[in-house]
There are 2 protein chains.
Amino acid sequence: MVMTRGTASARPPGRPRSGVNAVVYAATLSTVHELGYARATVDRIAARAGVAKTTIYRRWPSKGELIVDCLLDALGPVPLEGTSQAELMSSTIRWIAAKIGEPGIGDAFAGVFSDAVSDPPLREILSARFQDPYRLQLQDALGEPETRVLFFIDVVVGTLLHRMGMTGSPMADADVTALVDMVLRHFADGADKAETR
Amino acid sequence: MVMTRGTASARPPGRPRSGVNAVVYAATLSTVHELGYARATVDRIAARAGVAKTTIYRRWPSKGELIVDCLLDALGPVPLEGTSQAELMSSTIRWIAAKIGEPGIGDAFAGVFSDAVSDPPLREILSARFQDPYRLQLQDALGEPETRVLFFIDVVVGTLLHRMGMTGSPMADADVTALVDMVLRHFADGADKAETR
DNA sequence: GAGTATCGATACCTATCGTAGCGAAAGAGG
DNA sequence: CCTCTTTCGCTACGATAGGTATCGATACTC
């Protein structure tokens, strides 16, 4: 096989990119944490990362995609702790709640989600690059059909983000527990009715 | 009693305001519906309403407050159909889902909510002028404490808005039914545990 | 008719996203 | 060592939007 040219692994010519992605991600989260999503401009993020704004736009085509990649990097896959469906769901909900509570993540999440409402291309990206991977992972782990996993995500993420957006701070543990109870009960004994009919 | 001066009902001097608020509200919703929240600029809304932009800023101090008033006008109080708590909750959830599905309302809702995430003053206004009235009405009608009504609102509104924001269209009836079932069951037999502990 | 406040129109300021152009630097290969 | 390609930082620019300032005209009260 010809490996020296035309293959993806071939090193491209020219000056290689400097490895500043992680620095930019860190600068993004801390800036969002300190100033909020709207005031975390690309200029400010670039300045904090010690990088030119043009460098950021060379790697990410828009602020929205930068945030999406930043969140993917900060979150990683769902830990999936537990064996039963109830345990998996419970740990997933608490993992999401904890992540949303981490500095910058909740605001960035709510911010990019907000932008996507009136920005169809960004919504497409958010759906394909962010929601779909987690949805597929959960479909596989929970053994539930797509419809119900989408419902699960809407309820859990929607509830937590609404609280975060409305109060400015993450949901208290007691309410997260209530959310876990409510969702688990719904999925436990509502398996043959409700939205799949 | 002196009624001719100093009373709130005394007519203020100067040219009276023309009664175009309703026209502006209609223009706002139709513009948001056609162009989305972000592209529904104040200039465009003013043009559609046949009104100068300065007139709008004379009545509403910001785009966010215009949207909040517009939503209050379009929604009105919760109808509160039914007598039992279950009926009241069910009709409330379906009423919210239906309203969010009406042209312009869902987008305006999600849009102003999004802006509020990184705009603390707007969040304050949204909380005080929009959420609080509905919360108090529901507290009274449902006979539940503030904590639980807030949880109810987070779950219902958060879920419906997340679906709306993610897909661009309102939640299907089958999923609304699932939401009703889940919430009703939670409040029915979880009254002594969960988040009030 | 005097006073007051709103109306429409236009211009303007500021912030932000995103792009263009340029010389300098970092590598690969001859 | 020289060339070629691409990224780097920098500065400037264009486009859009929220919001303000100003001004003559107008509507209504006293």
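These numbers were taken from a predicted model, which means no experiment stands behind them. In the text below, chain A, chain B and the rest are named by the order of the sequence lines, each starting its count at 1.
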For the pair B:F187 and B:F151, name the ring-plane relationship: parallel under 30°, tilted 30 to 60°, perpendicular over 60°.
tilted
Nucleotide D:dT16, atom P - distance to NZ of A:K63 in whole Å
19 Å
Using whole Å, what does the distance between atom C1' of nucleotide C:dT16 and atom CG of B:D119 come to?
15 Å
Greater than 12 external heavy atoms within 6.0 Å of A:E102's CD
yes
Quick one: which of C:dT19, C:dA26, C:dC7 gets closest to the side chain of A:Y57?
C:dT19
How close or far is atom P of C:dT4 from atom CZ of B:R17, stated in whole angstroms?
18 Å
Check for me whether B:K63 meets the cation-pi criterion with B:Y37, that is, NZ or CZ under 6.0 Å from the six-membered ring centre and within 45 degrees of the ring axis.
yes
Please compare B:D43 and B:G14 by the position of their nearest nucleotide in DNA chain D and report the one closer to 5'.
B:D43
Which residue, B:A52 or B:P12, contacts DNA chain C at a nucleotide closer to its 5' end, judged by nearest heavy atom?
B:P12
Determine, for B:F109 and B:K99, whether the Lys NZ or Arg CZ falls below 6.0 Å from the six-membered ring centre while staying within 45 degrees of the axis.
no
Tell me: CD1 of B:I45 to C1' of D:dA17, nearest whole Å?
12 Å
Closest of C:dG18, D:dA17, C:dT6 to the B:R44 side chain is D:dA17
State which of C:dG18, D:dT7, D:dG19 makes the closest approach to the side chain of A:K53.
C:dG18
B:R15 side-chain proximity, nearest of D:dT6, C:dT19, C:dT6:
C:dT6
Of the listed D:dG19, D:dC8, C:dT6, the closest approach to the B:R58 side chain comes from C:dT6
Please find out if less than 6.0 Å separates the ring center of A:F130 from that of A:Y134.
yes
Distance in angstrom units between B:L35 CG and D:dT16 C1', rounded:
14 Å
Atom pair distance, as rounded to whole Å: CZ in B:R39 and P in C:dC17:
19 Å
How is A:S18 classified with respect to the nucleic acid when contacts are heavy atoms under 4.0 Å: base, sugar-phosphate, or nothing?
sugar-phosphate
To the nearest angstrom, the CG-C1' distance between A:L66 and C:dT16 comes to 15 Å
Of the listed nucleotides (D:dG18, C:dC7, D:dT5), which one gets closest to any side-chain atom of A:P13?
D:dT5
Select base, sugar-phosphate, or nothing to describe what A:T54 touches, counting heavy atoms under 4.0 Å on all strands.
base
When rounded to whole Å, the CG to C1' distance for the pair B:D115 and C:dT16 reads 14 Å
